[in-house]
2 protein chains.
Amino acid sequence: MRVSESLVDVDPRVRRSREAVLAASVALFVEGGPRAVTVEAVSEASGVAKTTIYRHWRDRAHLLADTYRACLPVVESPDGGLAPEAALREVVRSLVHGMGQQPTRRALPHLISTPLDPVDSSALPADVLAQTFASLVSAISRAASSGVIPKDTDTMEAKHQLVGFIIMSAIDPTCAMDDDLADRIAELFIAGRQLGR
Amino acid sequence: MRVSESLVDVDPRVRRSREAVLAASVALFVEGGPRAVTVEAVSEASGVAKTTIYRHWRDRAHLLADTYRACLPVVESPDGGLAPEAALREVVRSLVHGMGQQPTRRALPHLISTPLDPVDSSALPADVLAQTFASLVSAISRAASSGVIPKDTDTMEAKHQLVGFIIMSAIDPTCAMDDDLADRIAELFIAGRQLGR
DNA sequence: GTAATACGCTACGGTAGCGTAGCATACTGG
DNA sequence: CCAGTATGCTACGCTACCGTAGCGTATTAC
């Protein structure tokens, strides 16, 4: 029917409720992980009645899935006109920036383990987290095929290397997630790949 | 009173029960995280009566803490006679090996997030995970002060770099956690540090 | 063999959370 | 102003899980 209906909820009451619920839900998830996201806790924290929550989400699993999504950063793909090396650096910057944002940063450990939870993963898209790193993977591939890093580079291994560095930094609350760090991560990665073996 | 009593349980019934419970508990934790470790589930999976479990562990939190510990790898410190670079490579090998072992490997995502859980972390020593990386940190420090990597290396940053690489590899079930990988991780790290900036 | 002890079993009481029903109230769009 | 609709509220029934009590049985050490 009308596609716009799901995007632009005309009734401001609906918009208000949804936003309040999701904000509270994210806050609870960040603070205490999936276990803290109970419908009753969300209701109390948001000021939205429990019954109203169930009018917008089929069950707790669907609410949790939306919460999970809301915690993930949006990593934009780099400008297609950029050279492979610059594009790689740009993606790393974007990733570091995204991972450094609240609530992503504090939710990160939970974001990693929640998809494995046999209860809480029920309605959770398994590839949402992987999707966050899609542009990084393609940037690595471009860098490899263009010779910025060795052509026989194992893309997945390189992904583990970069993502691991970024995530561990983000998990450490004392770590500044700025462009300096991003550039250093990219630099150490490229330098090691060029020299190593 | 007798210190030995807690270490050497003379009664084999006690030993049997404890081992059966912990084995089942670890299996449940690996499979479904802390949420799956319910006293009743452990009881059923182990064949040990619930009341017996409570005779050995004060409450669920203490059982979970032991389970958590049992999932962590033991990383031995490298031989003190080893040169800094060799020692670093050795620690990385040991870490990669330890993280590649079951049940550590599959439990890893849960091991990262559980300490942050306001419920399940109640009796969980916060530094147990960090302790696992203690020998790595000291190896990095030695490598830096001896000039294998730049002397002004940020130890914590280097730790994030190495631990992140290792953990992300371990989380990927398709990744072979062998000495080849360990050596490559160490090599890429050192090469990048020597050349980068 | 015998006393000590660990264990299994059943049955509790209590709590937290899920998801629903029904009805009254407040808000929104026209 | 009015009809439609979203919301709030109370009260449920249901399930899973925690932690305990009491008693009979089996295993162990001596």
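Note that the structure is predicted; figures quoted are calculated from it, not measured. Just so it is clear, the values below take in all heavy atoms, side chains as well, and ignore hydrogens, waters and symmetry mates.
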Original post:
Nearest nucleotide by nearest heavy atom, which residue falls closer to the 5' end of DNA chain C, A:V37 or B:A49?
Top reply: B:A49
Original post:
For the side chain of A:S94 and the backbone of A:E90, is there at least one donor-acceptor N/O pair under 3.5 Å apart?
Top reply: no
Original post:
Is the backbone of B:V148 close enough, under 3.5 Å, to the side chain of B:Q194 for a donor and an acceptor to pair up by distance?
Top reply: yes
Original post:
Which part of the nucleic acid, if any, lies within contact of A:R16, taking any heavy atom under 4.0 Å across all strands shown: a base, the sugar-phosphate backbone alone, or nothing?
Top reply: sugar-phosphate
Original post:
Roughly how many Å is it from CD in B:E40 to P in C:dT15, rounded to a whole number?
Top reply: 17 Å
Subject >> A:D11 CG to C:dG30 P, straight-line distance once rounded to whole Å >> reply: 10 Å
Original post:
Does A:S146 use its side chain to pair, donor to acceptor, with the backbone of A:R142 at less than 3.5 Å?
Top reply: yes
**OP:** Can you tell me the distance, in whole Å, between the NZ atom of B:K50 and the C1' atom of C:dA11?
**Re:** 10 Å
Side-chain donor/acceptor pairs under 3.5 Å, residues 31-39 of chain A, sequence neighbours excluded:
unit_1: A:E31; atom_1: OE1; unit_2: A:R106; atom_2: NH2; d: 3.2
unit_1: A:R35; atom_1: NH1; unit_2: B:D120; atom_2: OD1; d: 3.3
unit_1: A:R35; atom_1: NH1; unit_2: B:D120; atom_2: OD2; d: 3.1
unit_1: A:T38; atom_1: OG1; unit_2: A:A41; atom_2: N; d: 3.0

Original post:
Can you name the residues that form a ring pair (Phe, Tyr, Trp, His ring centres under 6.0 Å) with A:Y68, not counting sequence neighbours?
Top reply: none
**OP:** Under 4.0 Å from any heavy atom of chain B: name the first and the last nucleotide of DNA chain D that qualifies, 5' to 3'.
**Re:** D:dC17 to D:dA29
**OP:** To the nearest Å, give me how far apart CZ (A:R60) and P (C:dT20) are.
**Re:** 15 Å
Original post:
Using a cut-off of 4.0 Å on non-hydrogen atoms, how would the nucleic acid contact of A:S17 be classed: base, sugar-phosphate, or nothing?
Top reply: sugar-phosphate
Subject >> d(CG, A:D59; P, C:dG19) in whole Å >> reply: 5 Å
Original post:
Please walk me through it: do A:M177 and A:S169 pass side-chain contact (heavy atoms from CB on, under 4.5 Å)?
Top reply: CA-CA 7 Å; A:M177 300 295 286; A:S169 301; 3.9 Å; yes
Original post:
Base, sugar-phosphate, or nothing for A:R13, non-hydrogen atoms under 4.0 angstrom?
Top reply: base
Original post:
Going through the checks in order, is the side-chain contact (heavy atoms from CB on, under 4.5 Å) test met by A:H56 and A:V21?
Top reply: CA-CA 10 Å; A:H56 292 290; A:V21 167; over 6 Å; no
Subject >> Closest-nucleotide 5' rank along DNA chain C - winner of A:R58 and A:R35 >> reply: A:R35
Original post:
Of the candidate nucleotides C:dG19, C:dC7, C:dT28, which contains the atom at the shortest distance from the side chain of A:P12?
Top reply: C:dT28
